[in-house]
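Down below is the structure, laid out as structure tokens.
Each residue takes its place number in the sequence, starting with 1.
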Amino acid sequence: MLGIMQDQPLLISSVLAHAARHHADTEIVSRTVEGSIHRYTYADAHRRAGRLARALGALGVGFSDRVGTLAWNGYRHFELYYGISGIGAVMHTINPRLHPEQIAWIANHAEDKLLFFDLTFLPIIEAVAPHMRTCKGFVAMTDRAHMPASSKVAGLLCYEDLLERESDGFEWPTFDENTASSLCYTSGTTGNPKGALYTHRSTILHAYASALPDTLDCSARDAILPVVPMFHVNAWGLAYSCPLVGAKLVFPGPQLDGKSLHDLFETEKVTFSAGVPTVWQGLLAYVKQNNLRFSTLSRTVIGGSSCPPAMIKAFQDDYGVRVLHAWGMTEMSPLGTVCNLKTKHLGLTKDEQFGIEVTQGRAVYGVDMKIVGDDGQELPWDGKSFGNLLVRGPWVVKGYFKGEGGDPLVDGWFPTGDVATISPDGFMTITDRSKDVIKSGGEWISSIDLENIAVAHPAVLQAAVIGVAHPKWDERPLLIVVRKPGAQVTREELLGFYDGKIAKWWLPDDVVFTDAIPLGATGKMLKTKLREQFGSHRLPTA
């Protein structure tokens, strides 16, 4: 017997329509590429997204057509999120930090029909335009006054001109909630980047789950600044969760340095933010150097790569900002786990609580997970057993766009490529990427644990650990370190810093000092490059 409830599809357009109706005067604030601060409301955004939808139709964009963007976090990019998906087309965000050849390859693979871009990226557009086979036009996301005087791109269109030509009062179409809504490519796989194709249904469910009190706790009382780019897994879903609850949105634009972010936090009374550890490293350095505080910022979610415990401690102990350590993947839309304590943990000592807070946390409702051994057998949740992490859920991919890479699922579960432990209370800890794990004498060593200890040293800015071939033990850990400016530390001092913190056989065999650790397009350390650079390093003999 079926129920007798109304059949209303879960569509992205309904999120912005809801915000415009019930949070009409709530602000969206953007630092623009042109340099000014732009302010308007959810009602304004909804009206303009409707105009954009009409403009897209006039430019020939139809149902399921892909539309690319190369843009920072800002109000026009926000309008594209809704204007494109709202008409049944597919929003395709492209990471501008990729090499131009990769950008052209991704746009061609997606078969983008149009490409919208911020003026910052005009040189990239000029480089890739001749190589884009399906793109029928390029739109500069600016007004007529700031359009380039000249460009190598023929027929360059102006965003504000397109909206100016259209009228208000657009009625969003209704269609199947399983329609594709947005496309994000991940470079975290082998070979060419692969596309994760989200649906309206998966996006709305993810937004609901993200906003829950025991997840990110988003509400209409928040002012939320997503530092995580809108070109990186839809700003971790915050572009949808914020209007869903009516939170004030603050977009930082291209300026992600410590001073610019702190200024926005203070002037806009930001309560919550989100970003990767490398961004927060710069912010913490700036506030410490200038003896500053945070007036309203109460919490931040840190993900993208494992957050060093020293960073969590600095935010919480020095500045009173609670860190929500989280984990996810492009293939998971991206949220999988968030670390929030349970009632049973509130009576623990501060150190005992901190031991939990440094984990990646508990699964969000909608995500099921398990760890398995190399033989595929499920391992116990005892907080000690290391295993390959598998997930499933309504916002987890079941394959990649155009079938690239074949069927990735293992008996209906998606293999994340991470190695993890899970505690009896369900708190998951990433110990390594499966391709980065160090196996010494048949036993696993966590490179992440070794890195976290190293960056807690006051002289260390960045640290990475890779496995180096060893004639007896197969592999041994090599510590690669970038010192803080003006700081001095020796190999012996760093190795001594591990005393009492790890098992002795985990101790790195050597330390290499370098000027920089290569980072990928999303701010993660490129251990493939480090292995190329240091993989032949000769370890000292005992």
Side-chain angles (χ1 to χ4, degrees), residues 30-36 38 48-49 51-53 55-56 58-61 65-85 89-164 182-185 193 195 226 228-235 239 251-256 521-522:
S30 304
R31 179 179 277 132
T32 66
V33 169
E34 294 84 1
S36 62
H38 178 273
R48 282 171 53 89
R51 287 193 169 204
L52 173 64
L56 290 168
L59 291 171
V61 175
D65 282 340
R66 274 75 70 197
V67 178
T69 67
L70 210 64
W72 299 108
N73 292 12
Y75 71 101
R76 292 187 180 108
H77 206 179
F78 181 75
E79 292 163 2
L80 284 160
Y81 264 61
Y82 289 90
I84 295 170
S85 299
V90 179
M91 169 81 171
H92 173 211
T93 54
I94 304 174
N95 189 334
R97 295 169 180 158
L98 295 172
H99 190 277
E101 288 183 5
Q102 286 181 298
I103 290 174
W105 186 94
I106 288 171
N108 285 329
H109 188 269
E111 300 179 66
D112 288 334
K113 194 164 188 175
L114 292 174
L115 202 154
F116 289 74
F117 67 95
D118 272 331
L119 291 177
T120 310
F121 306 120
L122 179 59
I124 296 177
I125 296 297
E126 291 178 334
V128 303
H131 307 289
M132 294 178 63
R133 298 188 294 269
T134 62
C135 193
K136 306 300 182 185
F138 297 87
V139 183
M141 294 163 61
T142 190
D143 55 22
R144 176 53 54 183
H146 291 91
M147 283 292 288
S150 61
S151 172
K152 298 176 184 177
V153 181
L156 191 61
L157 300 171
C158 173
Y159 185 93
E160 292 300 332
D161 284 357
L162 295 179
L163 266 63
E164 184 66 28
S182 53
L183 177 63
C184 291
Y185 280 75
V228 57
M230 295 172 76
F231 56 74
H232 181 44
V233 208
N234 297 336
F251 289 126
Q255 298 179 30
L256 303 179
T522 56

For [X], enumerate each residue passing the ring pair (Phe, Tyr, Trp, His ring centres under 6.0 Å) test, keeping only those at least two apart in sequence or located in another chain.
{"X": "H131", "answer": "none"}
{"X": "F121", "answer": "W72"}
{"X": "Y185", "answer": "H92, H109"}
{"X": "F138", "answer": "none"}

Are any non-hydrogen side-chain atoms of [X] and [Y] less than 4.5 angstrom apart?
{"X": "L122", "Y": "F117", "answer": "yes"}
{"X": "I124", "Y": "I103", "answer": "yes"}
{"X": "L163", "Y": "E79", "answer": "yes"}
{"X": "T69", "Y": "H77", "answer": "yes"}
{"X": "L183", "Y": "T93", "answer": "no"}
{"X": "Y159", "Y": "L52", "answer": "yes"}
{"X": "L80", "Y": "M91", "answer": "yes"}
{"X": "C158", "Y": "L162", "answer": "no"}

(message) Please determine whether the number of non-hydrogen atoms from other residues, nucleotides or ligands lying under 6.0 Å from atom CD of E34 exceeds 12.
(response) yes
Between [X] and [Y], which heavy-atom pair has the shortest distance, and what is it?
{"X": "L119", "Y": "H146", "result": "CD1-O, 3.4 Å"}
{"X": "P100", "Y": "V128", "result": "O-CG1, 3.4 Å"}
{"X": "F251", "Y": "Y75", "result": "CD1-N, 3.9 Å"}
{"X": "T134", "Y": "A107", "result": "OG1-O, 4.3 Å"}
{"X": "P254", "Y": "R31", "result": "CD-O, 4.1 Å"}
{"X": "N73", "Y": "V228", "result": "ND2-O, 3.0 Å"}

(message) Could you check whether any side-chain N or O of Y81 sits under 3.5 Å from a backbone N or O of M230, counting only pairs where one atom can act as donor and the other as acceptor?
(response) yes
(message) If we ignore hydrogens and angles and just use 3.5 Å, is the side chain of S151 paired with the main-chain N or O of V153 as donor and acceptor?
(response) yes
(request) Please step through side chain to side chain contact (heavy atoms under 4.5 Å, CB included) for the pair I125 and L156, ending with a clear verdict. (result) CA-CA 11 Å; I125 296 297; L156 191 61; 5.6 Å; no
(message) I need the Q255 CD to T32 OG1 distance, nearest 0.5 Å.
(response) 9.0 Å
(message) To the closest 0.5 Å, what do you measure between CG (L157) and CG (L115)?
(response) 11.5 Å
(message) Show every salt bridge (Lys or Arg N to Asp or Glu O under 4.0 Å) that has at least one partner inside residues 108-118, sequence neighbours left out.
(response) D65-K113, R66-E111, E111-K402
(message) Under the salt bridge (Lys or Arg N to Asp or Glu O under 4.0 Å) definition, can you give me all pairs with a residue in residues 148-162, not counting sequence neighbours?
(response) R48-E160, R76-E160, R144-D161
